[in-house]
2 protein chains.
Amino acid sequence: MSIKIKSTNQKEMSFIEKARRSQIVECAIETIAEIGYAQASLGQIAKRAKISKGVISYHFANKEELLDQIAIEYYTAWQSYIAPLIEAQKSPKEMLRVYIESNLTFIEENRKHVIAVIEVVSNKRTADGKFGFASDHDETILLPIENILTLGMQDGIFREFTRSSLRVMALTIRNAIDGFTLELMKKSHLDVQEYTRELVTLFEKSATK
Amino acid sequence: MSIKIKSTNQKEMSFIEKARRSQIVECAIETIAEIGYAQASLGQIAKRAKISKGVISYHFANKEELLDQIAIEYYTAWQSYIAPLIEAQKSPKEMLRVYIESNLTFIEENRKHVIAVIEVVSNKRTADGKFGFASDHDETILLPIENILTLGMQDGIFREFTRSSLRVMALTIRNAIDGFTLELMKKSHLDVQEYTRELVTLFEKSATK
DNA sequence: TTTATTTTAGTACAATCGTGCAACTAATTC
DNA sequence: GAATTAGTTGCACGATTGTACTAAAATAAA
């Protein structure tokens with residue numbers, strides 16, 4: 001196996017390499033979103049990109065690195081999108097509402113990417129069969145909503161949460177958001193505005209006193 | 001492709017065939033639950049069953065039939081388990097509580113099976129890339145909880161739901177239950193009782209006036 | 001312009017995949 | 001007991017997979 005360390009230790013990636021990596025990631029996203037993880041071979045991705053398979057192996061150490069990149073890029077973009085919106089809110093109740101709204105908006109605007117991420121994350125396994133994405137990944141995802149719930153509880157607006165009930169609440173919100181993605185995938189003409197409104201109502205009721 | 005119709009049109013399955021099919025399905029469940037859908041080849045399943053791959057193809061028309069059987073058996077068992085428990089309740093509020101409790105209990109008692117089902121269902125695709133399990137499958141799953149919510153609304157115990165808000169509520173409950181499965185998969189020592197209690201609280205608050 | 005480096009196409013390779021089937025063994029039927 | 005059916009092993013086959021690599025083309029540097 002050839003170790004490719006140029007992007008983390010050596011000099012900057014060239015303009016060509018950046019463009020090519022980006023194209024390959026984009027084609028991987030589309031391929032996975034359209035035919036599913038199991039069918040999305042490097043051959044299929046290369047075909048979509050109109051390049052040779054060898055180009056993929058030149059730019060990425062292996063398939064795993066390519067697929068991980070899909071997830072990494074998504075979460076980077078997600079965080080950059082969500083964080084400032086939430087920080088701009090004054091009250092935890094507004095933060096909760098904006099958290100849900102912005103998540104669903106982001107998903108709608110990045111449909112394929114989020115679908116590809118869910119496929120990659122749910123199918124990734126370690127050599128011994130465990131989930132490939134570590135639990136610190138989950139913690140990172142859950143942190144913002146857990147902070148919002150904690151803040152709301154401290155402000156006396158939200159109900160009293162124990163450590164575990166706060167975790168279940170946060171997980172349930174995240175599960176609802178991921179579930180929205182699947183629903184959008186099955187029904188491309190879903191009324192997103194209405195879905196969002198209902199989710200906000202639901203979680204406001206369940207979070208407040 | 002050889003069409004195997006013996007189990008649906010011809011005479012009864014023999015004792016041997018029933019036992020063998022059951023064993024193969026069981027090994028498929030374990031294989032998928034342990035190493036994931038993508039790695040669960042017929043060879044892996046046959047190895048686990050200590051049989052030749054040809055035995056699988058003798059008893060099942062193709063891999064798809066075998067995997068479908070995993071889901072069919074799960075949902076049959078799930079429905080038999082859930083329905084009487086809910087029917088025994090007098091009020092929609094009790095039904096909602098028992099719905100959540102019995103779902104999580106059933107999942108805990110059938111961990112591998114439900115994990116395998118989630119893997120199969122989420123990865124199944126039609127020839128043109130669409131989700132393989134049709135939307136009538138979703139409707140069947142959602143019907144019980146939708147009925148409970150409708151009943152509660154008619155009794156004046158639950159809040160007023162529009163058609164769409166009822167659907168979002170039902171979906172969110174199902175997403176929470178599926179999310180519990182994933183959590184259980186990642187953390188085998190999860191406190192199920194506590195998780196259940198929190199979920200019941202959460203959805204009671206969100207459903208009532 | 002020449003040389004050095006990067007990038008690409010094309011393909012070899014071992015391994016694996018699902019499907020299919022011949023040959024064999026075991027059990028049942030006539 | 002012979003014929004038929006049920007059940008199994010072992011493996012062929014075409015296709016595909018991810019990894020790896022050579023030679024050629026393209027680009028950058030001297």
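Below, chains carry the letters A, B, ... as their sequence lines are ordered, and counting in each starts from 1. Only heavy atoms go into these numbers, but all of them, side chains included; no hydrogens, no water, no symmetry mates.
- Comparing C:dT7, D:dT19, C:dT19 against the side chain of A:N62 picks out D:dT19 as the nearest.
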**Report entry** Candidate pair B:F106 and B:Y74, rule ring pair (Phe, Tyr, Trp, His ring centres under 6.0 Å), full reasoning
**Finding:** CA-CA 10 Å; B:F106 190 75; B:Y74 181 83; 5.4 Å; yes

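- Within residues 35-45 of chain A, the residues having any heavy atom under 4.0 Å from DNA chain D are, by residue number, A:S41, A:L42.
- For A:R20, no side-chain nitrogen or oxygen approaches OP1 or OP2 of C:dT6 to under 4.0 Å.
- Remark: A:I51, A:S52, A:G54, A:V55 in residues 47-55 of chain A come within less than 4.0 Å of DNA chain C through at least one heavy atom.
- Side-chain N/O atoms of A:Y58 include none lying less than 4.0 angstrom from OP1 or OP2 on C:dT8.
- Applying the 4.0 Å criterion to OP1 and OP2 of C:dT7, one finds that A:S14 has a side-chain N or O inside that range.
- Salt bridge absent: A:R174 and A:D138 never bring a charged side-chain N and a carboxylate O closer than 4.0 Å.
- Within the structure, side chain to side chain donor-acceptor pair (under 3.5 Å) pairs that include any residue of residues 190-201 of chain A comprise A:E194-B:S164 (at least two apart or interchain).
- With A:E65 contributing its side chain and A:A61 its backbone, the two residues share a donor-acceptor pair below 3.5 Å.
- Rounded to a whole Å, the CD1 atom of A:I56 is 11 Å from the P atom of D:dT19.
- Here C:dT8 is the nucleotide among C:dT7, C:dT8, D:dG7 with the atom lying nearest to any side-chain atom of A:H59.
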